[in-house]
S.K.: 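This is the structure, below, for whatever I ask next.
Numbered from 1 within each chain, the chains take letters A, B, ... in sequence-line order. If you're wondering where the values come from, they're calculated on a predicted model, not measured in any experiment.
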There are 2 protein chains.
Amino acid sequence: MRAILRGMPETPSPSGSASEPSLEEQIAAYQREFRDLDPQVEQVVSALQRLNRRMNVAYGRQTSTLGISNTEWEVLKALVLSGAPYRLGPGDLAKRLGLTPAAMTHRIDRMAAEGLVTRERDENNRVRVIVELTDQGREQWLEAMRMATVFEEDLLQDLTTVERHLLGELLTRLLRRVEDAQPDAGGRLSDLG
Amino acid sequence: MRAILRGMPETPSPSGSASEPSLEEQIAAYQREFRDLDPQVEQVVSALQRLNRRMNVAYGRQTSTLGISNTEWEVLKALVLSGAPYRLGPGDLAKRLGLTPAAMTHRIDRMAAEGLVTRERDENNRVRVIVELTDQGREQWLEAMRMATVFEEDLLQDLTTVERHLLGELLTRLLRRVEDAQPDAGGRLSDLG
DNA sequence: CTATCGAACTTTAGATCTGAAGTCTTGAGG
DNA sequence: CCTCAAGACTTCAGATCTAAAGTTCGATAG
C-alpha cells in the first residue's frame with residue numbers, strides 16, 4: 001500500500017515515512033549526534049518532556065468539550081487554589097501563570113465576557129483590580145477537575161502505590177532543586193525569544 | 001521537618017502579597033477544594049507540570065543567550081534527530097512538533113532568513129519542499145545541546161544512578177500508557193481552545 | 001492528451017501573547 | 001495643598017499561532 005521502494009536510500013528507521021520517532025529511537029539518535037551525552041539523563045528528560053506534551057493534549061481535549069480553553073482553565077485553577085473568596089489581582093495571576101500583565105488583561109477581558117470571572121476595582125485602593133471567580137466559573141473548574149482526575153488516575157493505573165509514592169518523591173526532589181536555583185517563579189514559560 | 005504543625009490557622013500563607021504557593025500548599029488547597037482527590041496522584045501530576053514549566057524557563061534562558069528562540073531550537077532538534085542529511089519536509093516537521101502546517105511555514109520563513117535552515121523544492125516531486133539544516137544551524141544546535149546537558153546534569157545531581165534509572169523507567173511506563181491511548185502524535189500541544 | 005481529484009504547501013484573517021508606552025492612583029516631600 | 005516618583009493596570013504595535021481558503025503539482029481515468 002505504502003508504495004514501498006521509492007528508492008529509499010538509507011532509511012534505518014523501520015518507519016517507512018517520517019513519523020515521530022519513539023523514545024528509544026530518539027535517545028539512540030541523540031547518542032549518534034552528540035557524543036557527550038548521558039543516556040540515563042536523557043531518558044529522564046525526554047520522557048518528562050514527551051509526557052508533559054501528551055498530558056497537555058489530553059487536558060486540551062477535555063477542557064474544549066467543556067467550552068473553555070486550557071488557558072482559561074489555568075486561570076480558574078489559580079483562583080480556586082487561592083481559596084475562598086476566590087479573588088486575585090491581575091498582577092498576581094500573571095505571576096502565577098508565568099504571563100505578562102498585558103496578557104492577563106486580555107484573558108480577563110475574555111473570561112469576564114464569558115461570565116467565568118468578574119472584574120472590579122478595589123475600593124480600598126483604586127489602583128488595584130480584583131478578579132473574582134463566579135459561580136459559573138467555579139462550576140466549570142469542578143467539571144474540568146472531575147475529568148482531569150479520571151485521566152490522571154488512568155495515567156497512573158499501572159503503578160503500584162509504592163511506585164506512585166516513589167515517583168512523587170523523586171519528582172519533588174527535582175522540583176525543589178530547580179525552584180531553589182530559580183527562586184523567581186516568574187519567567188515566561190514559553191519563549192523568551 | 002516535614003508536616004510539623006498543621007495547626008496553623010486559616011491563613012497559612014503569609015497573605016501579605018499573593019506569591020506562588022509551594023507544591024505542598026497547592027496540594028493542600030486542592031484537597032480543601034475538591035474532596036474526591038487522591039493526593040498521591042496529584043503530587044505526581046503537579047510536580048510533573050511544575051517541573052516542566054521550570055525546565056522550559058531554563059531552556060528559554062539558555063537558547064536566548066544563543067540568539068535563537070525555544071521554538072527555533074525545537075526545529076533544529078527535529079532536524080538533527082532525523083539524522084544526516086538533516087532534511088525533512090514542512091509537513092513532517094509540523095507533525096513532529098505538534099504544530100499546524102501553516103505555523104511551520106512561518107517558522108521556516110524566519111529560520112531560513114536567519115540562515116539556520118534552507119528551503120528548496122524537491123526536484124523529484126515538485127509538490128514537496130525540503131527543509132535542510134545548514135552548518136550554522138547545526139552549530140547552534142550543538143551549542144544549545146552543550147548548555148542543555150549541563151543544566152540537565154545539574155538538575156539530576158542529587159539522584160543516585162539507581163534513582164535515575166528508576167525515575168526514567170517509571171516515566172517511560174507512564175509515557176507508554178499515554179502514547180498507546182493517543183496513538184496520533186499530532187494534536188496541538190497548546191490549546192485546542 | 002485532458003479533466004479531475006488529492007496531497008503538500010502557502011496565504012489570509014483572526015486570536016493571543018510580548019514589550020514598550022500610556023493612564024491613573026497612591027504616597028512622600030516641600 | 002502641590003509636585004513628583006512608583007506601582008498596577010491597560011493600550012498599542014508587532015510577533016506567532018490556528019483555521020480555513022487558495023495554489024500548485026502529480027496521479028488516475030477517460
S.K.: Holding to side chain to side chain donor-acceptor pair (under 3.5 Å), I want the full list of residues that pass it with Glu120(B), two or more places apart in sequence or in another chain.
M.R.: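 So Glu120(B) forms no side chain to side chain donor-acceptor pair (under 3.5 Å) with any residue.
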S.K.: Is Arg54(B) salt-bridged to Glu179(A), cutoff N-O under 4.0 Å?
M.R.: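 Here Arg54(B) pairs with Glu179(A) in a salt bridge, since their nearest N and O are under 4.0 Å apart.
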S.K.: If you check every side-chain atom of His106(B), which of dC9(D), dC17(C), dC17(D) has the closest atom?
M.R.: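 For the His106(B) side chain, the nearest candidate turns out to be dC17(D).
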S.K.: Not counting sequence neighbours, which residues clear side-chain contact (heavy atoms from CB on, under 4.5 Å) with Ala28(A)? List them please.
M.R.: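 Once residues adjacent in sequence are excluded, the partners of Ala28(A) under the side-chain contact (heavy atoms from CB on, under 4.5 Å) criterion are Arg32(A).
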S.K.: What's the closest nucleotide to the Leu99(B) side chain, out of dC17(C), dT10(C), dT18(D)?
M.R.: dT18(D)
S.K.: Kindly indicate, with the supporting measurements, whether the criterion salt bridge (Lys or Arg N to Asp or Glu O under 4.0 Å) is fulfilled by Asp36(B) and Arg146(A).
M.R.: CA-CA 8 Å; Asp36(B) 305 346; Arg146(A) 286 192 199 103; over 6 Å; no
S.K.: To the nearest Å, give me how far apart CD1 (Ile130(A)) and P (dA8(D)) are.
M.R.: 14 Å
S.K.: Looking at the side chain of Thr105(B), which of dC17(C), dT11(C), dC9(D) is the nearest nucleotide?
M.R.: dT11(C)
S.K.: Check the distance between dA7(C)'s P and Arg128(B)'s CZ and give it to me in whole angstrom.
M.R.: 11 Å
S.K.: Can you measure Leu97(B) atom CG to dC17(D) atom C1' for me and round it to whole angstrom units?
M.R.: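 So the two atoms are 13 Å apart, to the nearest Å.
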S.K.: Determine, stepwise, if the pair Glu132(A) / Arg87(A) fulfils salt bridge (Lys or Arg N to Asp or Glu O under 4.0 Å).
M.R.: CA-CA 4 Å; Glu132(A) 182 173 337; Arg87(A) 298 159 157 241; 2.9 Å; yes
S.K.: For Ile68(A) and dA15(C), what is the distance between atoms CD1 and P respectively, to the nearest whole Å?
M.R.: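 It works out to 19 Å between those atoms.
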S.K.: Can a side chain N or O of Arg107(A) be found less than 4.0 Å away from OP1 or OP2 on dC17(C)?
M.R.: yes
S.K.: Met104(B) CE to dT10(C) P: how many Å, rounded?
M.R.: 10 Å
S.K.: Tell me which residues in residues 108-118 of chain B lie within less than 4.0 Å of DNA chain D, going by non-hydrogen atoms.
M.R.: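 Close to the strand are Arg110(B).
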S.K.: Under 3.5 Å, is there a donor on one side chain and an acceptor on the other for Gln43(A) and Arg164(B)?
M.R.: no
S.K.: Among residues at least two apart in sequence or on other chains, which ones pass side chain to side chain donor-acceptor pair (under 3.5 Å) with Tyr30(A)?
M.R.: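 Expected list: none.
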S.K.: Between protein and nucleic acid, restricted to nucleotides 23-29 of chain D and to nitrogen or oxygen atoms under 3.5 Å apart, what atom pairs and distances do you find?
M.R.:
residue, atom, partner, partner atom, Å
dG26(D), OP1, Arg126(B), N, 3.0

S.K.: To the nearest angstrom, how far is Trp73(A) atom CH2 from dT16(C) atom C1'?
M.R.: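 Distance check: Trp73(A) CH2 to dT16(C) C1' gives 20 Å.
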S.K.: Between Lys95(B) (NZ) and dA7(C) (P), how many Å, whole number?
M.R.: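 From Lys95(B) NZ to dA7(C) P: 11 Å.
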S.K.: Which nucleotide in the list dT10(C), dT11(D), dA19(D) gets nearest to the side chain of Ala102(A)?
M.R.: dT11(D)
S.K.: Test of understanding: with salt bridge (Lys or Arg N to Asp or Glu O under 4.0 Å), list the residues that count as partners of Arg126(B), not counting sequence neighbours.
M.R.: Glu123(B)
S.K.: Quick one: Glu72(B) CD to dA15(D) P, roughly how many Å, whole number?
M.R.: 13 Å
S.K.: Do Met55(A) and Leu155(A) come close enough that some side-chain heavy atom pair is under 4.5 Å?
M.R.: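 Met55(A) vs Leu155(A): side chains touch.
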